[in-house]
Chemist: 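Here's a structure for you.
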Amino acid sequence: MADLTCDVAVIGAGTAGLAAERNARKHGASTLLIDPDFAGTTCATVGCMPSKLLIAAARAAHRARNTDLFGVRTGEVTVDGPAVLARLRQERDRFASGVRDSFDDLPEGVAVKARARFSGRNSLTLDDGRTVQAGAVVIATGSSPMVPEPYAALGDLALTNDSIFELDDLPESLAVIGGGVIGLELAQAMARLGVAVSLFDMGDRLAGVRCNKVHDALKGAMSQEMALHLGVEPEPSEEDGRVRIDWDGRHQSYDRVLVATGRPPNVSGLDLSATGLALDDKGMPDVAADTLQCGDSPIFMVGDANAARPVLHEASDEGGIAGRNAVAYPAVVPSRRKVSFTITYTEPPLVMIGQDPDDSAKIGEADYTNQGRATVDGENVGLARLYAAAPDGRLIGADLFCPGADHMGHLLTWAMEAGQTASDLLDRPFYHPTLEEGLKGALRDICGAVPLRVPGDQDPGLPPGV
Ligand SMILES: Cc1cc2nc3c(=O)[nH]c(=O)nc-3n(C[C@H](O)[C@H](O)[C@H](O)COP(=O)(O)OP(=O)(O)OC[C@H]3O[C@@H](n4cnc5c(N)ncnc54)[C@H](O)[C@@H]3O)c2cc1C
Ligand SMILES: NC(=O)c1ccc[n+]([C@@H]2O[C@H](COP(=O)([O-])OP(=O)(O)OC[C@H]3O[C@@H](n4cnc5c(N)ncnc54)[C@H](O)[C@@H]3O)[C@@H](O)[C@H]2O)c1
C-alpha cells in the first residue's frame, strides 16, 4: 500500500515542474509536487537572473569606460567587486524569495519535501522511505553543471554557475572552460568588470552558432575582450593555490576556473530503468516534442530534464502541456510548439531563431558595422541574416549578432509565428533612425531572391545610414 497517492505526481519544483503541477491541478487532478529543497528555481537562484545581474554591472562598467567617443570624459573607472556581487545577490535573493513565496500558495499537502526515484511505471520511492502511487508522473528534474574529473579535483578553485555568484570578490584572473552560452555570457561580463579572462573550448564553434558569417563576427568581437583559445584541449592542475591550464604546449595560471562544459539532465538518480521505458546510451527515454509523453507511458518529461529546448520559456510551456496531458492520459493531445528562439546575452546579443537554412532557402543580410542608429550609439558591430522559404518567401529563421538583436529577434519570431513573408514585414512602418530599419535591406534581398512583391508604393531609397 502506497503512503501517498495522487492523479499526477510532479518530480522537481523548478519552472517546468511548477507549471506542470499548476496545470494538472487546474484540470481537476489531485497532485503532488516533490522536491528535496524547494529552494527556488534554477532560473532565479543560479541561472538567468544572477547571470543577467552580473551582465548588467558589466554593461555599466563598459559604458563608463567608453565615453570618450562622444567627447565625454569620465576619468578612471574602478569596479568595486564586493559591491557588484552584493547587489547581484541582493536582487537575486529577492527574485528567489518571490519563487519560494509561491510555494506557500500550494494547497495543503501538495508540496512533498523529498527526493524521488521510480520503483515502477506509476510508483515512486522517496528518500524519506515513503512511497507514491500516481496515475501519471511528470519528470521535471532540470539539469546540473557537468564538471569533468580534472576540474572536480581542483576543489574550490573550480567554479560553476552554482558557485560563481557566491564569490565575495571578483577574481583578478579567470579561465573559462567551455564557449557555450554560459561560458560566453559570463566570460564577457567578467572581462568587462576588469577580470583578465581566457576562454577555452575543445570545439571550434562558440555557442553552437550555425552561420559562418555570424560566427566570424562573434569570434572577432569576443577576441577583443578576452584571450580566445578554440579547438584546444585545456588540461588543468593546481599550482601554488592557483589554477594552471596547459594547452598546445603553452600554460598560464589563473586565480580561478569557471567550468561551463554543459548541463546534462538530472536523470541518473531517478532509476528510470524501473519504468520499463526504452533508454538510449545516455539513459534518456524518447520524449514526443508535441505531447512531452515518453513513448505510450503515463510518464512525461519536461524542461531541462529532456534536454530538447533548455531555456526558460520552453520549460514553462512544456510544463503546461505535460500537466494537461498527464491528467488526460491516455488521451493525450498534441500541442503546437513555438518557433525555436534563443538569446545569448553577450553584447551585442546573439540570437538564433527557427530553422537552419537549407539549400533552397532565400537569404537576406543586414550589416550593422555601418548602420545608422548603431553608429549614432557607437555600437556599430555585427550583422543579421534572415532566412525565407521558397517559393512563398515566408520567414523561417534568422541568425543575428548585432545591437538590439534581443528585441528585433522577438519581432522576427513573432512574424514567423504569424507566417509572415519578407514583403509583409516591409509593409509595416519602420521608424527612423532605428536598429529595425537595418533589417529593411535584408528583407528586400529576400523579396528580390524569391522573387516577391516589394510593396509597390514604398520609396526604394533608404534614409541616411540605414
Ligand atoms: C547560468 C544560467 C543562465 C541561464 N540564463 C538563461 C536565460 O537568460 N534565459 C533563458 O531562457 N534560460 C536561461 N537559462 C536556462 C534556464 O534557467 C533553464 O532552462 C530553466 O531554469 C530550467 O527549468 P527546469 O524547471 O527544467 O529546471 P530547474 O529549475 O532546475 O528545476 C529542477 C528541480 O528538480 C529538482 N530535482 C532534481 N532531482 C530531483 C529528484 N530526484 N526528486 C525531486 N526533485 C528533484 C531540483 O531540486 C530542482 O528544484 C540559464 C541557465 C543557467 C544555468
Ligand atoms: N541566455 C540563455 O538563454 C542561456 C544562458 C545560459 C545558459 N543557458 C542554457 O544552459 C545550457 C547549458 O549551457 P552551457 O554553456 O553550460 O553548455 P553548452 O553545451 O552550450 O556548451 C558547452 C561548451 O563546452 C565545451 N566543452 C565541453 N567539455 C569541454 C572540455 N573538457 N574542455 C573544453 N571545452 C569543453 C563544448 O565544446 C561546448 O562548446 C544551454 O544549452 C542553454 O540552453 C541559456
Side-chain angles (χ1 to χ4, degrees), residues 9-20 33-52 54-55 99 112-118 124 126-127 139-151 160-162 164-165 175-187 199-209 229-236 245 247 258-271 301-316 318-319 341-346 349-352 406:
V10 179
I11 313 177
T15 302
L18 283 164
L33 180 62
I34 306 164
D35 194 290
D37 304 315
F38 285 95
T41 58
T42 287
C43 169
T45 56
V46 294
C48 325
M49 302 315 281
S51 58
K52 266 77 261 179
L54 191 78
I55 289 166
V99 176
V112 176
K113 200 164 183 180
R115 186 169 291 280
R117 64 183 166 79
F118 283 89
L124 304 171
L126 306 184
D127 61 356
I139 302 170
T141 48
S143 60
S144 296
M146 184 253 292
V147 181
E149 183 43 44
Y151 296 98
T160 66
N161 69 281
D162 285 344
I164 195 165
F165 306 118
V176 176
I177 311 298
V181 185
I182 293 179
L184 215 48
E185 284 187 355
L186 297 184
L199 187 146
F200 299 85
D201 199 296
M202 60 189 188
D204 291 317
R205 284 271 149 166
L206 291 167
V209 175
H229 305 288
L230 300 185
V232 298
E233 290 195 11
E235 289 174 23
I245 304 282
W247 78 99
L258 169 67
V259 185
T261 49
R263 291 177 53 91
N266 294 325
V267 291
S268 61
L270 284 176
D271 225 345
M301 205 167 188
V302 295
D304 283 14
N306 69 29
R309 295 181 172 202
V311 291
L312 198 276
H313 67 281
E314 299 284 4
S316 175
E318 291 185 359
F341 176 26
T342 63
I343 302 175
T344 301
Y345 289 95
T346 46
L350 170 70
V351 167
M352 277 189 262
D406 44 350

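Both counts, for ligands and for their atoms, begin at 1 and track the order of listing. All heavy atoms count here, side chains included; hydrogens, waters and symmetry mates do not.
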Chemist: Looking only at protein heavy atoms, identify the closest one to atom 29 (C) of ligand 2 and say how far it is in Å.
Modeler: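 For this ligand atom, the closest protein heavy atom is T261 CG2, 3.4 Å.
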Chemist: Which bit of P310 gets closer than 4.0 Å to ligand 1, counting heavy atoms only: side chain, backbone, both or neither?
Modeler: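 Looking at P310 and ligand 1, just backbone atoms fall under 4.0 Å.
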Chemist: Tell me: protein heavy atom nearest atom 27 (O) of ligand 1, and distance?
Modeler: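 Looking only at protein heavy atoms, the one closest to atom 27 (O) of ligand 1 is G142 CA, 3.4 Å.
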Chemist: When you compare the side chain of T41 with that of L312, does any pair of heavy atoms fall below 4.5 Å?
Modeler: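 L312 does not reach T41 side chain to side chain.
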Chemist: Counting C-beta onward and ignoring hydrogens, is there a side-chain heavy-atom pair between P145 and N161 closer than 4.5 Å?
Modeler: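 A side-chain contact under 4.5 Å exists here.
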Chemist: Below 4.0 angstrom from a heavy atom of G178, which ligand 2 atoms are there? Numbered from 1 as shown, please.
Modeler: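 Taking each heavy atom of G178 in turn, ligand 2 has 23 (C), 24 (O), 25 (C) under 4.0 Å.
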Chemist: Looking only at heavy atoms of G269, does any of them come nearer than 4.0 Å to an atom of ligand 1?
Modeler: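 No, G269 has no heavy atoms under 4.0 Å from ligand 1.
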Chemist: Against C43, only a single residue in S316, C48, P50 fulfils side chain to side chain contact (heavy atoms under 4.5 Å, CB included); can you say which?
Modeler: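 Answer after filtering S316, C48, P50: C48.
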Chemist: For ligand 2, note which part of I343 has a heavy atom under 4.0 Å away: side chain, backbone, both or neither.
Modeler: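 It is the backbone that touches ligand 2; the side chain stays farther off.
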Chemist: Looking only at distance, does T41 have an N or O less than 3.5 Å from an N or O of ligand 1?
Modeler: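 No, T41 has no N/O under 3.5 Å of an N/O on ligand 1.
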Chemist: Looking only at protein heavy atoms, which one is nearest to atom 41 (N) of ligand 1, and what is the separation?
Modeler: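 Protein heavy atom with the smallest distance to atom 41 (N) of ligand 1: A116 O, 3.1 Å.
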Chemist: Counting only heavy atoms closer than 4.0 Å, does ligand 1 sit against the backbone of I182, its side chain, both, or neither?
Modeler: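 Within the 4.0 Å criterion, I182 contacts ligand 1 through side-chain atoms alone.
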Chemist: Grab the two heavy atoms, one from I34 and one from A9, that are nearest each other, plus how far apart they are.
Modeler: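 Smallest interatomic distance, heavy atoms only, reads CD1-CB, 4.4 Å.
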Chemist: Not counting sequence neighbours, which residues clear side chain to side chain donor-acceptor pair (under 3.5 Å) with T261? List them please.
Modeler: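 If we apply the side chain to side chain donor-acceptor pair (under 3.5 Å) test to T261, skipping adjacent residues, there are no hits.
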Chemist: Write out the residue and atom name of the closest protein heavy atom to atom 52 (C) of ligand 1, then the distance separating them to 0.1 Å.
Modeler: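 The answer is G47 CA, 3.6 Å.
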Chemist: If I compare all heavy atoms of A116 with all of L126, which pair ends up nearest, and what's the gap?
Modeler: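 Looking at all heavy atoms of both residues, the shortest contact is CB-CD2, 3.7 Å.
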Chemist: Rounded to the nearest 0.5 Å, what separation is found between the CE atom of M146 and the OG1 atom of T160?
Modeler: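 Rounded to the nearest 0.5 Å, the CE-OG1 separation comes to 12.5 Å.
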Chemist: Note the single closest protein heavy atom to atom 21 (O) of ligand 1, along with its residue, its atom name and the distance in Å.
Modeler: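 Closest protein heavy atom to atom 21 (O) of ligand 1: C43 N, 3.6 Å.
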Chemist: Considering P50, G303, C48, A140 one by one, which has a heavy atom nearer to atom 32 (C) of ligand 1 than any of the others?
Modeler: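 Checking each option, the heavy atom nearest atom 32 (C) of ligand 1 is found in A140.
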Chemist: Which heavy atom in D204 sits nearest to a heavy atom in G231, and how many Å separate them?
Modeler: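 Of all heavy-atom pairs spanning D204 and G231, the closest is OD1-CA, 3.4 Å.
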Chemist: With a 4.0 Å cut-off on heavy atoms, is K52 touching ligand 1?
Modeler: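 Yes, K52 has heavy atoms under 4.0 Å from ligand 1.
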Chemist: I'd like to check F165 versus L186 (side-chain heavy atoms, cut-off strictly below 4.5 Å). Are they in contact?
Modeler: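 Counting from C-beta outward, F165 and L186 do come under 4.5 Å.
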Chemist: So if I count the atoms of ligand 2 from 1 in the order they appear, which ones are less than 4.0 Å from some heavy atom of P310?
Modeler: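 Near P310, the atoms of ligand 2 are 9 (C), 41 (O), 42 (C), 43 (O).
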Chemist: Taking 4.0 angstrom as the limit and counting only heavy atoms of G180, give me the atoms of ligand 2 inside it, by number and element.
Modeler: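 What qualifies from ligand 2 is 15 (O), 20 (O), 21 (O), 23 (C), 39 (O).
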Chemist: Could you tell me whether P145 approaches ligand 1 through its side chain, its backbone, both or neither, with non-hydrogen atoms closer than 4.0 Å?
Modeler: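 It is neither part, as no heavy atom is under 4.0 Å.
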Chemist: Kindly identify the option in T342, L312, D304 whose heavy atom sits closest to atom 26 (O) of ligand 1.
Modeler: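 Minimum heavy-atom distance to atom 26 (O) of ligand 1 goes to D304.
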Chemist: Of the protein's non-hydrogen atoms, which lies at the shortest distance from atom 39 (C) of ligand 1, and what is that distance?
Modeler: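 Atom 39 (C) of ligand 1 sits closest to the protein heavy atom T141 CG2, 3.6 Å.
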Chemist: Applying side-chain hydrogen bond (donor to acceptor under 3.5 Å, both in side chains) as the test, list every pair that has at least one member in residues 305-314; sequence neighbours left out.
Modeler: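 Pairs touching residues 305-314 that pass the test: N306-E318, R309-E314, E314-R337.
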Chemist: Considering only the protein, which heavy-atom contact is closest to atom 15 (O) of ligand 2, and what is its distance?
Modeler: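 Answer, as residue, atom name and distance: I182 N, 3.0 Å.
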Chemist: I'd like to check whether S143 has a polar contact with ligand 1, where a contact means an N/O of the residue lying under 3.5 Å from an N/O of the ligand.
Modeler: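 No, since none of the N or O atoms of S143 sits under 3.5 Å from an N or O of ligand 1.
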Chemist: Among the heavy atoms of L186, does any lie under 4.0 Å from an atom of ligand 1?
Modeler: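 Judged by the 4.0 Å heavy-atom criterion, L186 does not count as contacting ligand 1.
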Chemist: Considering all heavy atoms of both residues, which atom of S51 and which atom of E185 are nearest to each other, and what is their separation?
Modeler: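 Heavy atoms only, the tightest pair is OG-OE1, 4.0 Å.
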Chemist: Tell me: protein heavy atom nearest atom 11 (C) of ligand 2, and distance?
Modeler: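 Checking every protein heavy atom, the shortest distance to atom 11 (C) of ligand 2 gives R263 CD, 4.5 Å.
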Chemist: Counting heavy atoms only, name the option from N306, D406, N161 that's nearest to atom 53 (C) of ligand 1.
Modeler: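 Nearest option to atom 53 (C) of ligand 1, by heavy atoms: N161.
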Chemist: Looking at ligand 2, does any of its N/O atoms fall within less than 3.5 Å of an N/O of I177?
Modeler: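 Among all N and O atoms of I177, none is under 3.5 Å from an N or O of ligand 2.
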Chemist: Nearest 0.5 Å, what's the CG-CZ distance between L270 and F118?
Modeler: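 The CZ atom of F118 is 6.5 Å from CG of L270, to the nearest 0.5 Å.
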Chemist: If we only count heavy atoms from C-beta on, is the F38 to L33 side-chain gap below 4.5 Å?
Modeler: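 When only atoms from C-beta onward are counted, L33 and F38 do touch, with a gap below 4.5 Å.
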Chemist: Quick one: which of T42, L18, N266 has a heavy atom closest to atom 29 (O) of ligand 1?
Modeler: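 Shortest heavy-atom distance from atom 29 (O) of ligand 1: T42.
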Chemist: When you compare ligand 1 with L270, is there at least one nitrogen or oxygen pair between them that comes in under 3.5 angstrom?
Modeler: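 L270 vs ligand 1: no N/O contact under 3.5 Å.
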Chemist: Among G262, P150, C48, which one puts a heavy atom closest to atom 16 (O) of ligand 2?
Modeler: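 Going through G262, P150, C48 one by one, G262 has the nearest heavy atom to atom 16 (O) of ligand 2.
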Chemist: Who gets closest to atom 4 (C) of ligand 2 by heavy atom: D204, L199, V311, V181?
Modeler: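 Shortest heavy-atom distance from atom 4 (C) of ligand 2: V181.
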Chemist: Among T344, L199, L350, D201, whose side chain to side chain contact (heavy atoms under 4.5 Å, CB included) with L206 holds?
Modeler: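 Result for side chain to side chain contact (heavy atoms under 4.5 Å, CB included) with L206: L199.
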Chemist: Kindly confirm or rule out an N or O of M146 lying under 3.5 angstrom from an N or O of ligand 2.
Modeler: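 No, no N or O pair falls under 3.5 Å.
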Chemist: Purely on distance, is any nitrogen or oxygen of V232 under 3.5 Å from one on ligand 2?
Modeler: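 No; the residue has no nitrogen or oxygen that sits under 3.5 Å from a nitrogen or oxygen of the ligand.
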Chemist: Side chain or backbone of Y345 under 4.0 Å from ligand 1, or both, or neither, by non-hydrogen atoms?
Modeler: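 For Y345, only side-chain atoms sit under 4.0 Å from ligand 1.
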Chemist: Kindly give the heavy-atom pair with the smallest separation between A16 and V302, and that separation in Å.
Modeler: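 The pair with the smallest heavy-atom distance is CB-CG2, 3.7 Å.
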Chemist: Tell me, which protein residue and heavy-atom name are nearest atom 49 (O) of ligand 1, and how many Å apart are they?
Modeler: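 Answer, as residue, atom name and distance: D35 OD2, 2.6 Å.
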Chemist: Quick one: nearest non-hydrogen protein atom to atom 31 (O) of ligand 1, plus distance?
Modeler: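 So the nearest neighbour among protein heavy atoms is G14 CA, 3.2 Å.
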Chemist: Mark the output for R263 as yes if a heavy-atom distance to ligand 1 is under 4.0 Å, and as no if none is.
Modeler: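 Judged by the 4.0 Å heavy-atom criterion, R263 does count as contacting ligand 1.
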Chemist: State, to 0.1 Å, how close A305 and V267 come at their nearest heavy-atom pair, and which atoms those are.
Modeler: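 For A305 versus V267, the nearest heavy atoms are O-CG1, 4.3 Å.
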Chemist: Report the distance from atom CD1 of I177 to atom CH2 of W247, rounding to the nearest 0.5 Å.
Modeler: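 One gets 9.5 Å once the value is rounded to the nearest 0.5 Å.
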Chemist: Do me a favour and list the nearest non-hydrogen protein atom to atom 34 (N) of ligand 2 with residue, atom name and distance?
Modeler: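 Closest protein heavy atom to atom 34 (N) of ligand 2: M202 N, 3.2 Å.
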Chemist: What distance do I139 atom CD1 and N266 atom CG have between them, rounded to the nearest 0.5 Å?
Modeler: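 The CG atom of N266 is 11.5 Å from CD1 of I139, to the nearest 0.5 Å.
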Chemist: For atom 1 (C) of ligand 1, which of D162, V46, D271, D37 has the closest heavy atom?
Modeler: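 It is V46 that holds the nearest heavy atom.
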Chemist: Give yes or no for whether the N/O distance cutoff of 3.5 Å, strictly under, is met between E185 and ligand 2.
Modeler: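 Yes, E185 has an N/O under 3.5 Å of an N/O on ligand 2.
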Chemist: So, taking the atom named CZ in R115 and the one named CD1 in I11, what distance separates them when rounded to the nearest 0.5 Å?
Modeler: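 That separation rounds to 11.0 Å.
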Chemist: Report yes if the side chains of L184 and Y345 come closer than 4.5 Å at any heavy-atom pair, otherwise no.
Modeler: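 In short, these two side chains do not touch, never coming nearer than 4.5 Å.
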Chemist: How far is atom 25 (C) of ligand 2 from the closest protein heavy atom, and which atom is that?
Modeler: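 Among all protein heavy atoms, the one nearest atom 25 (C) of ligand 2 is D201 OD2, 3.3 Å.
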